[in-house]
2 protein chains.
Amino acid sequence: MAAETEEPTARQQAVLDAVLSLMVEEGDKLTMTAVARRASCSKETLYKWFGDRDGLLAATVRWQAARVRAGRYDRPTLDIAALRDSLKGFAATWLTVISSPTSIALNRLAIGHAASRKSNLGGIVLENGRFAIGERLRPVLEAGREAGLLAFDDSETAFRSFFGLVGRDVQIRLLLGDILSLGRDEIERDAARATDQFLALYGRTESAPEA
Amino acid sequence: MAAETEEPTARQQAVLDAVLSLMVEEGDKLTMTAVARRASCSKETLYKWFGDRDGLLAATVRWQAARVRAGRYDRPTLDIAALRDSLKGFAATWLTVISSPTSIALNRLAIGHAASRKSNLGGIVLENGRFAIGERLRPVLEAGREAGLLAFDDSETAFRSFFGLVGRDVQIRLLLGDILSLGRDEIERDAARATDQFLALYGRTESAPEA
DNA sequence: GGAATGCCGTACCGTACGTTACGGTTCGGC
DNA sequence: GCCGAACCGTAACGTACGGTACGGCATTCC
């Protein structure tokens, strides 16, 4: 019922964190009874606060999304080094997010829910994941274009190529249960590689094939 | 119990097709009773043939995989035009597969199963999807390198970049329920773009940043 | 022709889980 | 000190579904 738009109370946040931890640890044992036990609250309270199971899950997704979105990025820059750093930072952040156990569990849940029709968790996850990062990266790309550092017709197309170069097969493999440990070093290296490749494709100083 | 390695009988194939159709149409209503009704067989037969629910699902995944794997590709080529065509063909095939309702439903199922531990459908899907196409593309890439058309240290790394340029955000968006219609024209265009970008990054005649 | 086998349809069983109900406890306001 | 509200813990209910059992029918084998 609540948590539709308003901020959840501290106690409710604790409950949602319990859902997240349970989701990560137990995977599919995400039963209302288990949540109540983990959060040390009664099922009656869960239903009073969140309406039903889907409401609880939706609130959990939103709660985690709000937490991830906390990361901020500075305004568009001008020289190529700053642009590269900015892109690399985005790439590293994105890789860190999608390889985190929380993200994996959350996406699995949302994808499972997308199979049925009700309560599109998938939409919420997309809105706060893939689309949110796209919206945040767009001004960077367009500033790069205005500064004569990048060349592209459509920023969305350019972003999607960047997205592909960064993520490659990582997310789908993790979601399907592949063991794919991404350490900090590996993420940094992959982020740098993806950024260099993107600049090779869309940078003004290099060859620039059109999309 | 059966269908572990041997080919399923015609009647069993009909059952597995029923599972697939039900999976695509109903999403999560994939109950044993529903399968039996759709396939006009008894539940007893289902359990006799496939052991339990997971066995049925595993057999279904294998059955669909065998069908997809039917597509064959000619041996490595030598000139740049043939290489480009070959890559473009792979890209278009891959996009067609991942955007098909069957693939979406199957991957959703496998991802949901990956949350729990038992019976890794995820492994089977990975093995017959992502990894199978990688193995098939590798000789093409290596032939291209030997012919002096491509430059890369590790064919796996090169392939993963190609994979990212082709798929981008398509699969995760579809899995999360985003409406993203990929027509034949769009697939052809995307495949061509991804191939050109890949060749720009790894082709010998262009700039070749190292991975 | 009769027995056996394979399979369909359906009824049945046990369990897990979402949801509700209720008794007991804590706590803020008067 | 008393009242009501909020909430915890747990019991109880209804249902959905995986899995099993059984009666009937068709086909095949002797």
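Residue numbers start from 1 in every chain, and the chains themselves are labelled A, B, ... in the order their sequence lines are given, proteins ahead of strands.
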Enquirer: Taking only the side-chain heavy atoms of A:Lys48 (C-beta and beyond), determine which of D:dG19, C:dT19, D:dC7 contains the nearest atom.
Expert: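 Nucleotide nearest to A:Lys48's side chain: D:dC7.
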Enquirer: What nucleic acid atoms does B:Arg37 come within less than 4.0 Å of, heavy atoms only: base, sugar-phosphate, or nothing?
Expert: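 Answer is nothing: B:Arg37 stays at 4.0 Å or more from every strand.
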Enquirer: Both conditions, 6.0 Å and 45 degrees, for the charged tip of B:Arg138 above the ring of B:Phe159: are they met here?
Expert: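 Judged by the rule, B:Arg138 and B:Phe159 form no cation-pi pair.
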Enquirer: Any side-chain N or O of B:Thr31 less than 4.0 Å from the OP1 or OP2 oxygen of D:dA16?
Expert: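 Answer is no, no contact under 4.0 Å.
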Enquirer: Which listed nucleotide (C:dG18, D:dG9, D:dG18) is nearest to the side chain of A:Arg53?
Expert: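 Between C:dG18, D:dG9, D:dG18, the one nearest the side chain of A:Arg53 would be C:dG18.
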Enquirer: Any salt bridge linking B:Lys88 with B:Asp196? Criterion: basic side-chain nitrogen under 4.0 Å from a carboxylate oxygen.
Expert: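 No, this pair does not count.
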Enquirer: How close or far is atom P of C:dT15 from atom NZ of A:Lys29, stated in whole angstroms?
Expert: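 It is 15 Å, rounded to the nearest whole Å.
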Enquirer: A:Leu46 CG to D:dG9 C1': how many Å, rounded?
Expert: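 A:Leu46 atom CG is separated from D:dG9 atom C1' by 12 Å.
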Enquirer: Grab the OH-P distance between A:Tyr47 and C:dC17 for me, whole Å please.
Expert: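 To the nearest whole Å, that distance equals 12 Å.
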Enquirer: Using atom CG of B:Leu56 as one end and atom C1' of D:dG18 as the other, report the distance to the nearest whole Å.
Expert: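 So the two atoms are 12 Å apart, to the nearest Å.
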Enquirer: Given D:dC8, D:dG19, C:dC7, identify the nucleotide with an atom nearest to the side chain of A:Cys41.
Expert: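 Of the options given, the side chain of A:Cys41 lies nearest D:dC8.
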Enquirer: Check whether the side chains of A:Tyr202 and B:Gln197 place a donor and an acceptor atom closer than 3.5 Å, and report yes or no.
Expert: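 On atom types as modelled, these side chains qualify, holding a pair under 3.5 Å.
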Enquirer: Need to verify one output field. Residue with the more 5' nearest nucleotide on DNA chain C, B:Ala39 or A:Leu30?
Expert: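 It is B:Ala39 whose nearest nucleotide is closer to the 5' end.
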Enquirer: Indicate yes or no: does A:Arg189 engage A:Glu186 in a salt bridge with an N to O separation below 4.0 Å.
Expert: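 The answer is no: the pair does not qualify as a salt bridge.
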Enquirer: With distance as the sole criterion, do the side chain of A:Lys43 and the base of C:dT19 form a donor-acceptor contact below 3.5 Å?
Expert: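 Result: at least one qualifying N/O pair found.
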Enquirer: C:dA21 C1' sits how many Å from A:Met32 CE, rounded?
Expert: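 The distance from CE of A:Met32 to C1' of C:dA21 comes to 15 Å, rounded to the nearest Å.
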Enquirer: A:Gln12 has an atom CD; how far is it from atom C1' of D:dA6, in whole Å?
Expert: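 Roughly 12 Å, once rounded to whole Å.
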Enquirer: Using the side-chain heavy atoms of A:Trp49, tell me which of these nucleotides is nearest: D:dC7, D:dG9, C:dG9.
Expert: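 Of the options given, the side chain of A:Trp49 lies nearest D:dC7.
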Enquirer: How many Å lie between CD on B:Glu26 and P on D:dA16, as a whole number?
Expert: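 Rounding to the nearest Å, CD of B:Glu26 and P of D:dA16 are 15 Å apart.
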Enquirer: Any side-chain donor-acceptor pair under 3.5 Å between B:Ser103 and B:Ser100?
Expert: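 No, no side-chain donor-acceptor pair sits under 3.5 Å.
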Enquirer: Side chain of B:Glu44 only, please: which of C:dG18, C:dC8, C:dA21 is the nearest?
Expert: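 Out of C:dG18, C:dC8, C:dA21, the nucleotide with an atom closest to B:Glu44's side chain is C:dC8.
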Enquirer: Identify, between A:Asp28 and A:Ser42, the residue whose nearest nucleotide on DNA chain C lies closer to the 5' end.
Expert: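 Result of the comparison: A:Asp28.
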Enquirer: OP1 or OP2 of C:dC8 less than 4.0 angstrom from a side-chain nitrogen or oxygen of B:Thr45, does that happen here?
Expert: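 For C:dC8, OP1/OP2 do have a side-chain N/O of B:Thr45 under 4.0 Å.
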